[in-house]
Amino acid sequence: MKSTLKQTPTLSIGDAVASLLRDGMPVRFSAYDGSSAGPPDAEIELELKNQRGLSYLLTAPGDLGMARAYVSGDLAVNGVHPGNPYEALRLLQSHLRFRRPTPAEALTLLRGLGLSNLKPPPPPPQEHLPRWRRAMEGLRHSMSRDAEVIAHHYDVSNRFYELVLGPSMTYTCAVYPTADATLEEAQAEKYDLVCRKLGLQPGMRLLDVGCGWAGMVRHAAKHYGVQALGVTLSREQAQWGKEAIDREGLGDLAEVRHSDYRDVLEGDFDAISSIGLTEHIGVRNYPAYFGFLRDRLKPEGRLLNHCITRAHNRREETGAFIDRYVFPDGELIGSGTIITEAQDAGLEVMHEENLRLHYALTLAGWCQNLVDNWDECVAEVGEGTARVWGLYMAGSRLAFERNEIQLHQVLAVRTTEDGKDGFSLRPTW
């Protein structure tokens, strides 16, 4: 293929970007060297502010380099709010397609942009260690390493989460009873749906693993009169949950422990809820996970597993941005694998439901909260971290809308040896 680039050592950044696009630039691009590309009247503009931003892009191609430049403030996205860059991401993911340069073009690009830019700058402080470095500090999904990565994500600031998640303090997919329901109404409906699926009644015992800020524990105790125990690896979550239980006068029914779920010694629970925990377990650990939960149930006891899944059952690594900035060691797989592993652990699967589009609506609500409370969020955690959350939530919303990821609830039961499951002939929820 004949090179289309000018053979010059003074190649501008704008020319370099434009030359590698397959279908033209869908947004305006401008760089610190004064060059630009794309339509001048575009509503959205990518602004590369300095040489460090260029070095991030060149030394970590793909989403990681873009994330580093964006989080550090070296790459600005003008035309959208940093708390909700959804429209920019939607446009870029739909229309921004780079082609691979020929060897001659690659050499020209490197000479024109400067070989000094190939030295990687230190990553932003919000970035977690790469997986190979984390492996040196502990086995993946060991108790100590799980505690560390959970703290990285959840022990950010309870006040920050209050601002983003809203009064429910619920960081999992809501269930919208109607399209115009509020986020708070949808979160209450989610908890109530879980309670109904579990068939909770006064006096029952519930275990909620990965309980977050005790939303499920408090809802079940308050509205269904159950004895509820929640466990979380996040110290900040546990403290907030305990204070909420005391504020609401639920201390005689509800308890939260700062603990790994694997340290729960009690058994004979009538029901177990796992809402947003399975993503952190690791696919290879599913047999032990489902086996542990089954052993904590009494006969006819129910398990509700609520988690993000892929749209397929093939193993696929999480992208670099999510792994380094959001969910270190997180793993996703399809609902078929989850059902298989639950069955192989001796549980009878009774019902399965996909809530994919509900999570897209949930994320839109969180992004709006971040926009509405941007200044206070930045004051609480810093602009870099606030940018991470806006980017992550808007990108996740897009992934749910495009069916790249899903959200499944799987309801299972520990059936008795003679086949009793405790369910009515048709669902009651």
When you compare the side chain of Asp15 with that of Ser35, does any pair of heavy atoms fall below 4.5 Å? no
Could you tell me whether the side chain of Lys197 reaches within less than 4.5 Å of the side chain of Met350, counting heavy atoms only? no
What are the two closest heavy atoms between Cys307 and Ile338, and how far apart are they? SG-CD1, 3.3 Å
Is there side-chain contact between Val326 and Phe321, with at least one heavy-atom pair below 4.5 Å? yes
Can you sort out the partners of Ser259 under side-chain hydrogen bond (donor to acceptor under 3.5 Å, both in side chains), two or more places apart, ordered by chain and number? none
Tell me, please, whether Tyr359 has Arg356 positioned over its six-membered ring: NZ or CZ under 6.0 Å from the ring centre and within 45 degrees of its axis? no
Show every salt bridge (charged side-chain N to carboxylate O under 4.0 Å, His left out) that has at least one partner inside residues 181-190, sequence neighbours left out. Glu189-Arg196
Verify side-chain contact (heavy atoms from CB on, under 4.5 Å) between Val264 and Val209, making sure each step is shown before the conclusion. CA-CA 9 Å; Val264 174; Val209 293; 5.6 Å; no
Answer whether the closest heavy-atom distance between the side chains of Leu332 and Thr309 falls below 4.5 Å. no
Taking atom types as modelled and ignoring hydrogens, do the side chains of Thr278 and Asn305 form a donor-acceptor contact shorter than 3.5 angstrom? yes
Pairing residues for His258 by the side-chain hydrogen bond (donor to acceptor under 3.5 Å, both in side chains) criterion, not counting sequence neighbours: none
Show the nearest heavy-atom pair for residues Gly395 and Leu89, with the distance to one decimal. N-CD1, 3.5 Å
With heavy-atom distances below 4.5 Å as the criterion, would you say the side chains of Ile13 and Phe29 are in contact? yes
Closest heavy-atom contact between Leu363 and Arg397? CD1-N, 3.4 Å
Decide yes or no on side-chain contact (heavy atoms from CB on, under 4.5 Å) for Glu353 and Leu193, but give the supporting numbers first. CA-CA 11 Å; Glu353 184 174 6; Leu193 177 62; 4.2 Å; yes
Is a side-chain N or O of Glu47 found less than 3.5 angstrom from the main chain of Ala76, in a donor-acceptor match? no
For a quick test of reading the model, state the closest non-hydrogen atom pair linking Val194 to Ser273 and the distance between them. CG1-CB, 4.2 Å
Point-to-point distance, once rounded to the nearest 0.5 Å, from CG of Leu46 to CG of Leu92: 5.5 Å
For the residue pair Tyr224 and His219, does the interplanar ring angle fall in the parallel (under 30°), tilted (30 to 60°) or perpendicular (over 60°) class? tilted
What's the separation between atom CZ in Arg68 and atom OG1 in Thr59, rounded to the nearest 0.5 Å? 6.5 Å
Kindly state each residue pair satisfying salt bridge (charged side-chain N to carboxylate O under 4.0 Å, His left out) with at least one member in residues 237-251, sequence neighbours excluded. Arg218-Glu248, Lys222-Glu248
Are a donor atom and an acceptor atom from the side chains of Tyr261 and Ser274 found within less than 3.5 Å of each other? no
With distance as the sole test, does Asn373 use its side chain to make a donor-acceptor pair with the main-chain N or O of Leu163 at under 3.5 Å? yes
What are the two closest non-hydrogen atoms of Leu229 and Val217, and how far apart are they? C-CG2, 4.1 Å
Would you find more than 12 non-hydrogen atoms of other residues, nucleotides or ligands less than 6.0 Å from Glu43 atom CD? no
Nearest-0.5 Å distance, CG of residue Leu277 to OG1 of residue Thr232: 9.0 Å
Mind checking whether Ser72 and Gln126 have side chains closer than 4.5 Å, heavy atoms only? no
Do the ring planes of Tyr171 and Trp366 sit parallel (below 30°), tilted (30 to 60°) or perpendicular (above 60°)? tilted
Please round to the nearest 0.5 Å and tell me the distance separating atom CD1 of Ile272 and atom CG of Leu293. 5.0 Å
Between Glu401 and Leu357, what is the shortest heavy-atom contact and its length? CA-CD2, 4.4 Å
Where do Leu206 and Phe269 land on the side-chain contact (heavy atoms from CB on, under 4.5 Å) test, with the steps shown first? CA-CA 6 Å; Leu206 168 71; Phe269 287 97; 5.8 Å; no
Donor-acceptor pair, distance only, cut-off 3.5 Å: does the side chain of Asp208 make one with the backbone of Met216? no
Assign the ring pair Phe290 / Tyr286 to parallel, tilted or perpendicular, where the plane angle (0 to 90°) is split at 30° and 60°. perpendicular
Could you walk me through whether Tyr191 and Thr170 pass side chain to side chain donor-acceptor pair (under 3.5 Å), step by step? CA-CA 10 Å; Tyr191 285 133; Thr170 299; 2.9 Å; yes
According to the interplanar angle, ranging from 0 to 90°, do the rings of Trp389 and Tyr392 count as parallel (below 30°), tilted (30 to 60°) or perpendicular (above 60°)? perpendicular
Where the side chain of Asp270 meets the backbone of Arg205, is there a donor-acceptor pair that is under 3.5 Å apart? yes
Find the distance between CD (Glu331) and CZ (Arg310) and round it off to the nearest 0.5 Å. 9.5 Å
Could you walk me through whether Thr318 and Asp323 satisfy the side chain to side chain donor-acceptor pair (under 3.5 Å) test, starting with their C-alpha distance in whole Å, then the side-chain angles of each, then the deciding distance to 0.1 Å, before giving a yes or no? CA-CA 6 Å; Thr318 302; Asp323 185 61; 6.0 Å; no
Do Leu370 and Asn84 have side chains that approach each other closer than 4.5 Å (heavy atoms only, starting at C-beta)? no
Could you tell me whether a side-chain N or O of His358 sits under 3.5 Å from a main-chain N or O of Val175, the two making a donor and an acceptor? no
Quick one, Asn158 and Trp213 - any side-chain contact, counting heavy atoms below 4.5 Å? yes
Side chain to side chain contact (heavy atoms under 4.5 Å, CB included) involving Ala188 - partner list, sequence neighbours excluded: none
How long is the span from the CD1 atom in Ile405 to the CD atom in Glu316, to the nearest 0.5 Å? 10.5 Å
Kindly say whether Pro121 contributes a backbone atom to a donor-acceptor pair with the side chain of Ser55 at under 3.5 angstrom? no
Show your reasoning for whether side-chain contact (heavy atoms from CB on, under 4.5 Å) applies to Arg90 and Glu87. CA-CA 5 Å; Arg90 184 176 63 84; Glu87 289 299 332; 2.6 Å; yes
Within the distance-only criterion (no hydrogens, no angle test), does the side chain of Glu404 pair as donor or acceptor with the backbone N or O of Ser396 below 3.5 angstrom? no
Quiz: residues 380-387 side-chain donor-acceptor pairs under 3.5 angstrom, not counting sequence neighbours:
residue: Glu380; atom: OE2; partner: Ser157; partner atom: OG; Å: 2.8
residue: Glu383; atom: OE2; partner: Arg387; partner atom: NE; Å: 3.4
residue: Arg387; atom: NH1; partner: Tyr70; partner atom: O; Å: 3.1

What verdict does the ring pair (Phe, Tyr, Trp, His ring centres under 6.0 Å) test give for Trp240 and Tyr161, after you've listed the backbone C-alpha separation in whole Å, the side-chain angles of each residue and the deciding distance to 0.1 Å? CA-CA 11 Å; Trp240 195 98; Tyr161 280 110; over 10 Å; no
